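Working notes, beginning with the structure itself.
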Amino acid sequence: MTTQLWKVLGSLALIVVGGCLWLFARDTEFLWFRGGPLGVVLVVVGAIDLVGSLWSRDRRRAE
């Protein structure tokens with residue numbers, strides 16, 4: 001249960017950091033990445049990870 005909570009919190013952190021990059025640092029460059037597209041990628045990866053972790057939790061509960 002505890003590792004599942006950490007996965008959900010990590011996914012939410014990716015979504016929040018990606019959203020902040022997209023909103024506030026669109027033109028900032030990180031190495032060869034720009035803040036806007038990197039933020040969008042982080043939000044998408046965080047959302048996929050969040051849905052996957054919540055879906056696996058629901059499947060385990062149903063069994």
Side-chain angles (χ1 to χ4, degrees):
M1 176 78 177
T2 306
T3 57
Q4 195 69 20
L5 177 65
W6 284 110
K7 277 191 79 168
V8 169
L9 289 177
S11 301
L12 289 173
L14 279 175
I15 292 171
V16 168
V17 168
C20 288
L21 278 174
W22 183 73
L23 286 174
F24 303 118
R26 286 186 188 170
D27 294 332
T28 306
E29 291 188 14
F30 301 102
L31 299 176
W32 59 88
F33 297 110
R34 295 189 70 86
L38 179 61
V40 171
V41 169
L42 287 177
V43 168
V44 169
V45 169
I48 290 171
D49 193 36
L50 181 65
V51 168
S53 64
L54 292 177
W55 185 54
S56 67
R57 189 174 90 183
D58 290 341
R59 289 187 76 195
R60 274 191 257 148
R61 198 178 283 169
E63 291 178 352

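We number each residue from 1, following the sequence as shown. Just so it is clear, the model here is predicted, and its values are computed rather than measured.
Val43 and Val41 are not part of a single hydrophobic cluster, where members link through side-chain heavy atoms under 4.5 Å apart. There is a path of hydrophobic side-chain contacts, each under 4.5 Å, that joins Val40 to Phe24.
Nearest heavy-atom pair across Ser53 and Lys7 is CB-CE, 4.2 Å.
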Residue pair Leu42, Ile15: steps toward the side-chain contact (heavy atoms from CB on, under 4.5 Å) verdict: CA-CA 6 Å; Leu42 287 177; Ile15 292 171; over 6 Å; no
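Under the side chain to side chain contact (heavy atoms under 4.5 Å, CB included) criterion, Leu9 pairs with Leu5, Trp6, not counting sequence neighbours. Scored by the side chain to side chain contact (heavy atoms under 4.5 Å, CB included) test, Ala25 finds Leu21, Thr28 as partners (sequence neighbours excluded).
Applying the side chain to side chain donor-acceptor pair (under 3.5 Å) rule to pairs touching residues 37-51 yields Ser11-Asp49, sequence neighbours excluded.
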